[in-house]
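Keep in mind the model is a prediction, meaning the values are calculated, not measured.
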Amino acid sequence: MRDLLTLTQWLSPAFPLGSYAYSHGLEWVISAGNVHDADSLGLWLADILDLGSGRADATLLAAAHRGEDAQTLADIAAALAPSKERWHETLAQGTAFSLALGSLTGAPVPAYPFPIAVGRAARDLTLSTSDVTALYLHSFTSNLVSTAVRFVPLGQNAGQRVLGGLHPLTIRIAQESATAKVSEIANSALRGDMASMRHEHQDVRLFKT
């Protein structure tokens with residue numbers, strides 16, 4: 001139970017990662033009118049999770065948690081990043097995570113892209129790879145739902161219904177990613193990647209990505 005609470009703390013909004021400042025391209029998608037209510041948000045997030053960066057990050061996290069070389073995984077993460085903003089998002093949060101964790105433990109923690117940093121740190125916890133991955137994906141999705149609640153705008157209850165509706169998909173991806181090979185990573189969420197590229201040139205922005 002203690003380790004579960006520890007991981008929940010690491011992935012909570014209270015942990016100093018600055019995740020609230022990143023929308024993963026969702027700010028541009030909302031501005032373009034592609035996400036405008038709970039249903040369109042749910043569809044968008046499901047595709048990001050299942051076909052895009054959600055599954056890719058889950059696979060990288062699981063590989064790091066299983067003990068694969070973190071630097072090799074970081075190089076793969078850099079190659080997979082579809083835009084400058086997307087790379088900044090994962091590296092900045094991973095760096096913030098490592099700094100915060102190092103301040104808690106009193107020992108330096110190497111900085112890696114966020115999913116790799118979490119997977120590497122969670123090796124010391126008595127939690128399964130699928131459980132760690134599921135909580136990571138839930139935190140990722142929660143942050144994007146919060147973005148939509150603030151920016152669509154979307155009611156709090158509607159946002160929670162979207163988040164709850166994605167729980168079965170989150171569990172499935174976490175279970176599949178737990179044993180997936182990094183070489184199996186693929187991306188079919190091309191509109192999500194394009195959104196991150198277009199956000200770089202958006203005139204008015206509230207979010208960093």
Side-chain angles (χ1 to χ4, degrees), residues 1-30 35 38 41-42 44-46 48-49 52-58 60-61 64-65 77 85-105 109 111-122 124-125 127 130-167 169-171 173-174 192 195-196 199 205-209:
M1 183 63 72
R2 180 183 292 273
D3 285 351
L4 179 60
L5 290 176
T6 295
L7 182 60
T8 302
Q9 178 183 350
W10 291 353
L11 297 174
S12 75
F15 210 64
L17 303 179
S19 301
Y20 62 86
Y22 302 99
S23 82
H24 209 68
L26 185 57
E27 182 177 22
W28 183 87
V29 177
I30 295 170
V35 167
L41 174 64
W44 182 269
L45 294 181
I48 293 295
L49 284 171
S53 56
R55 183 179 290 274
D57 283 358
L60 290 169
L61 184 152
H65 190 254
E85 281 196 355
R86 190 70 67 77
W87 173 242
H88 171 73
E89 179 178 316
T90 187
L91 187 59
Q93 290 182 88
T95 300
F97 175 82
S98 297
L99 288 172
L101 191 59
S103 69
L104 290 176
T105 62
V109 179
Y112 294 104
F114 191 31
I116 298 165
V118 173
R120 186 176 182 273
D124 295 330
L125 305 179
L127 298 173
S130 60
D131 284 348
V132 174
T133 305
L135 279 173
Y136 174 90
L137 290 173
H138 175 75
S139 175
F140 168 73
T141 310
S142 296
N143 187 61
L144 295 185
V145 167
S146 178
T147 296
V149 167
R150 287 177 282 163
F151 195 58
V152 168
L154 197 67
Q156 293 282 355
N157 289 338
Q160 290 304 306
R161 284 194 293 270
V162 170
L163 185 61
L166 291 169
H167 284 175
L169 177 60
T170 297
I171 294 170
I173 294 172
S196 71
H199 186 269
R205 296 186 295 178
L206 300 178
F207 299 88
K208 293 181 179 179
T209 64

Flag side-chain contact, heavy atom, 4.5 Å: S196 against T209: no
Give the C-alpha distance, both sets of side-chain angles, the deciding distance and a yes or no for side chain to side chain contact (heavy atoms under 4.5 Å, CB included) between H199 and E85. CA-CA 8 Å; H199 186 269; E85 281 196 355; 2.8 Å; yes
Measure across V152 and I30 and return the closest heavy-atom pair with its distance rounded to 0.1 Å. CG2-CD1, 3.9 Å
Heavy atoms of A121 and L101 approach each other most closely as CB-CD2, 3.6 Å
Tightest non-hydrogen contact, residues F207 and S23, listed as CG-CB, 3.8 Å
Pairwise distance OG1(T90) to CZ(R86) - rounded to 0.5 angstrom: 9.5 Å
Check against side chain to side chain contact (heavy atoms under 4.5 Å, CB included), R55 and L49: CA-CA 6 Å; R55 183 179 290 274; L49 284 171; over 6 Å; no
Is it true that E27 and K208 make a salt bridge, defined as a side-chain N closer than 4.0 Å to a carboxylate O? no
Step by step, would you call I116 with L61 a side chain to side chain contact (heavy atoms under 4.5 Å, CB included)? CA-CA 5 Å; I116 298 165; L61 184 152; over 6 Å; no
Grab the two heavy atoms, one from A158 and one from A38, that are nearest each other, plus how far apart they are. CB-CB, 4.3 Å
Judged by atom type as modelled, is there a donor-acceptor pair below 3.5 Å linking the side chain of T170 to the main-chain atoms of L137? no
Quick one, L104 and F15 - any side-chain contact, counting heavy atoms below 4.5 Å? yes
Drop me the distance from L4's CG to L135's CG, to the nearest 0.5 angstrom. 6.0 Å
Gap separating the CG atom of L163 from the OG atom of S146, nearest 0.5 angstrom: 10.5 Å
Is there side-chain contact between L60 and P113, with at least one heavy-atom pair below 4.5 Å? no
So, taking the atom named OG in S98 and the one named CD in Q93, what distance separates them when rounded to the nearest 0.5 Å? 12.0 Å
Locate the shortest heavy-atom distance separating P16 from A100; write the atom from each residue and the value. CG-CB, 3.7 Å
Taking C-beta and beyond as the side chain, do D57 and T133 meet within less than 4.5 Å on heavy atoms? no
Heavy-atom side-chain proximity of Y22 to H88 below 4.5 angstrom: yes
About how many Å separate CG of L154 and CD of Q160, when rounded to the nearest 0.5 Å? 10.0 Å
Considering all heavy atoms of both residues, which atom of W44 and which atom of A195 are nearest to each other, and what is their separation? CZ2-CB, 4.3 Å
Heavy-atom side-chain contact between V162 and L166 under 4.5 Å: yes
I'd like to check F114 versus Y136 (side-chain heavy atoms, cut-off strictly below 4.5 Å). Are they in contact? yes
Using ring centroids (six-membered ring only for Trp), state whether H24 and F140 fall under 6.0 Å. yes
Within the side chain of T95, is there an N or O that forms a donor-acceptor pair under 3.5 Å with the backbone of L91? yes
Checking L11 against L7 for the side chain to side chain contact (heavy atoms under 4.5 Å, CB included) test, could you report, in this order, the C-alpha distance in whole Å, the side-chain angles of both residues, the deciding distance, and whether it holds? CA-CA 6 Å; L11 297 174; L7 182 60; 3.9 Å; yes
Going from CG on D131 to CG on D3, what distance comes out if it is rounded to the nearest 0.5 angstrom? 11.5 Å
Kindly indicate whether the side chain of V35, heavy atoms from C-beta on, has any atom under 4.5 Å from the side chain of L26. yes
Quick one: does T147's side chain have a donor or acceptor within less than 3.5 Å of a partner on N143's backbone? yes
